[in-house]
Amino acid sequence: MSDIKLFQFNHGQIQELAGSAMQVEKSLQHIFEANLEALLGVRFLASEHSTGPVHGGRIDTLGLDEDDCPVIIEYKRAINENVINQGLFYLDWLLDHRKEFQWLVMERLGSEAAKNVDFSAPRLLCVAGDFTRYDQHAVKQIARNIELVRYRQFGESMLMLELVHAPKLAKINTFSAAPDTKSAAGDTTVATLNEDSEDPYATYRMAYRLSQASPALRDLHDAIRDFLFGLGDDVQVKELKLYTAFKRIKNFACLEVYPQPKVAVVYLKLDPRTIEIEEGFTRDVTKIGHYGTGNLQVSIRSMADFQKAQPLFMRAYEGS
């Protein structure tokens with residue numbers, strides 16, 4: 001059981017609030033789906049999505065995360081329910097039905113979102129009032145992106161989420177064959193998933209940028225990456241094509257590098273209005289398009305800049 005306790009101050013007295021795990025039926029599922037982005041940083045796509053007559057199942061909640069990766073959410077309704085195996089079954093269905101997923105994204109979020117879906121690191125989120133020790137042991141043995149999220153309700157108005165388990169480094173999937181560009185509805189092209197060898201934008205990817213960076217810039221990148229990763233045991237790293245994301249339940253920082261003009265850029269989940277903007281170092285990108293998540297851009301060109309940025313990194317982590 002969770003050992004987290006919540007206390008309320010009342011006229012100088014401290015009172016413990018009793019936590020409870022509400023029945024994971026439609027009530028909790030509806031709360032999550034109505035507030036999915038605020039709770040988990042995931043955009044809602046579908047509820048009780050049918051996997052068709054062959055697979056014969058229904059995915060509790062389907063979504064798309066901040067990094068444009070598919071998310072399957074399963075709610076554990078009983079302590080002995082094997083929701084992890086069920087979720088793995090749905091992950092395999094997802095990877096076999098990428099075009100169907102993209103079509104769903106296009107209907108819900110538009111064609112641009114469908115084109116940007118990244119199937120390299122799909123996620124399975126299991127939500128429960130509690131998990132057994134066998135659940136927690138099992139996910140450590142499975143090389144998939146599985147996260148266990150425990151919840152508690154306190155009183156009538158407070159919901160607590162606790163990240164019980166998440167992989168430290170997101171597992172990346174590779175595919176040997178390119179999917180077709182036909183949708184199930186006809187000849188309409190939903191999106192094209194290019195192999196690296198066919199990708200006209202390959203030169204913009206992180207791996208290529210790092211290979212072209214100077215030794216000093218690579219050292220700076222590694223120092224930033226190690227610092228962000230070391231902020232806490234709950235930090236997860238997701239290596240994506242265009243940036244590296246650092247997250248707890250939601251992203252708090254995204255790292256990019258540019259060989260020219262020799263700069264590492266970090267986007268932080270901080271309100272730029274609370275920061276004293278320094279020209280050439282920090283920038284408000286709230287209304288400026290960019291890869292990654294976060295409205296505060298920090299440009300780091302030297303170890304001195306890196307030292308100066310560390311308090312901002314910690315603020316973003318603590319606020320996530």
Side-chain angles (χ1 to χ4, degrees), residues 66-69 116 118 120-121 143 145 166-175 194-248 250-270 272 275-285 288-318 320:
E66 302 165 288
D67 304 310
D68 297 317
C69 294
N116 292 330
D118 186 347
S120 65
N145 294 324
K168 296 293 286 182
L169 182 63
K171 309 300 187 300
I172 305 300
N173 292 299
T174 57
F175 305 104
N194 295 309
E195 298 293 330
D196 286 352
S197 60
E198 301 173 351
D199 189 349
Y201 303 105
T203 56
Y204 295 100
R205 295 186 175 189
M206 273 288 286
Y208 180 82
R209 292 179 196 165
L210 280 173
S211 71
Q212 299 301 304
S214 66
L217 182 57
R218 287 199 296 271
D219 288 345
L220 190 58
H221 165 272
D222 292 347
I224 296 168
R225 189 185 190 283
D226 291 345
F227 184 88
L228 292 169
F229 185 64
L231 282 172
D233 291 339
D234 56 350
V235 175
Q236 306 166 58
V237 180
K238 185 185 285 187
E239 303 281 2
L240 296 155
K241 294 176 182 178
L242 298 169
Y243 59 89
T244 302
F246 300 83
K247 64 190 287 289
R248 297 169 88 179
K250 298 190 282 187
N251 287 0
F252 67 88
C254 293
L255 170 64
E256 298 182 51
V257 292
Y258 295 93
Q260 296 297 333
K262 298 181 180 180
V263 62
V265 174
V266 183
Y267 294 100
L268 298 175
K269 282 279 190 72
L270 289 176
I275 306 297
E276 185 176 346
I277 300 298
E278 182 180 333
E279 187 175 354
F281 177 61
T282 50
R283 182 187 185 198
D284 182 351
V285 293
I288 300 174
H290 59 278
Y291 293 113
T293 57
N295 292 331
L296 182 70
Q297 176 184 309
V298 183
S299 299
I300 302 172
R301 296 176 174 83
S302 65
M303 285 297 177
D305 286 344
F306 170 52
Q307 293 286 338
K308 187 165 56 172
Q310 289 178 15
L312 297 175
F313 295 165
M314 289 187 282
R315 278 184 58 180
Y317 167 76
E318 290 166 357
S320 64

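Just so it is clear, the model here is predicted, and its values are computed rather than measured.
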Heavy-atom closest contact ([X] atom, [Y] atom, distance):
X: P311; Y: Q307; answer: CD-O, 3.7 Å
X: D118; Y: S120; answer: OD1-OG, 2.6 Å
X: G292; Y: C254; answer: CA-SG, 3.8 Å
X: P272; Y: I277; answer: O-CD1, 4.2 Å

Out of curiosity, I224 CD1 to I300 CD1, how far, rounded to the nearest 0.5 Å?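 Nearest 0.5 Å value for the CD1-CD1 distance: 3.5 Å.
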Separation between CD of E256 and OG of S299, rounded to the nearest 0.5 Å: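 Between atom CD of E256 and atom OG of S299 there are 10.0 Å.
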Report the C-alpha separation of F281 and V298 in whole Å, then their side-chain angles, then the decisive distance to 0.1 Å, and conclude whether the side-chain contact (heavy atoms from CB on, under 4.5 Å) test is met. CA-CA 6 Å; F281 177 61; V298 183; 3.7 Å; yes
Could you tell me if D67 and Y243 have a donor-acceptor pair between their side chains, going purely by distance under 3.5 Å?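 Their side chains do contain a donor-acceptor pair, which is all the 3.5 Å distance test asks for.
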Any side-chain heavy-atom pair of V265 and Q297 under 4.5 Å: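 Touching, per the 4.5 Å side-chain cut-off.
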Out of the candidates L255, T244, L312, only one should pair with V266 under the side chain to side chain contact (heavy atoms under 4.5 Å, CB included) rule; please name it.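 That would be L255; it is the only one of L255, T244, L312 passing the side chain to side chain contact (heavy atoms under 4.5 Å, CB included) with V266.
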Before giving the answer on side-chain contact (heavy atoms from CB on, under 4.5 Å), spell out for V263 and L220 the whole-Å C-alpha distance, their side-chain angles and the decisive distance to 0.1 Å. CA-CA 9 Å; V263 62; L220 190 58; over 6 Å; no
Listed partners of [X] passing salt bridge (charged side-chain N to carboxylate O under 4.0 Å, His left out), at least two apart:
X: D284; answer: none
X: R283; answer: none
X: E278; answer: K308
X: K262; answer: none

Taking only residues two or more places apart in sequence, or in another chain, which ones meet [X] in a side-chain contact (heavy atoms from CB on, under 4.5 Å)?
X: A316; value: F252, L268, L270
X: A216; value: S214
X: A213; value: L217, R218

Just do the side-chain contact (heavy atoms from CB on, under 4.5 Å) check on K250 and T293 with the steps written out, would you? CA-CA 10 Å; K250 298 190 282 187; T293 57; over 6 Å; no
Of all residues at least two apart in sequence or in a different chain, which pass the side chain to side chain donor-acceptor pair (under 3.5 Å) check with [X]?
X: Y291; answer: none
X: E66; answer: K269
X: T282; answer: none
X: D305; answer: none

Start with the C-alpha gap between N251 and F246, add the side-chain angles, then the distance that decides, and say whether side-chain contact (heavy atoms from CB on, under 4.5 Å) holds. CA-CA 6 Å; N251 287 0; F246 300 83; over 6 Å; no
For residues 225-235, which side-chain donor-acceptor pairs fall under 3.5 Å, sequence neighbours excluded?
residue : atom : partner : partner atom : Å
R225    : NE   : E239    : OE2          : 3.0
R225    : NH2  : E239    : OE2          : 2.5
D234    : OD1  : Y317    : OH           : 2.8
D234    : OD2  : R248    : NE           : 2.7
D234    : OD2  : R248    : NH2          : 3.0

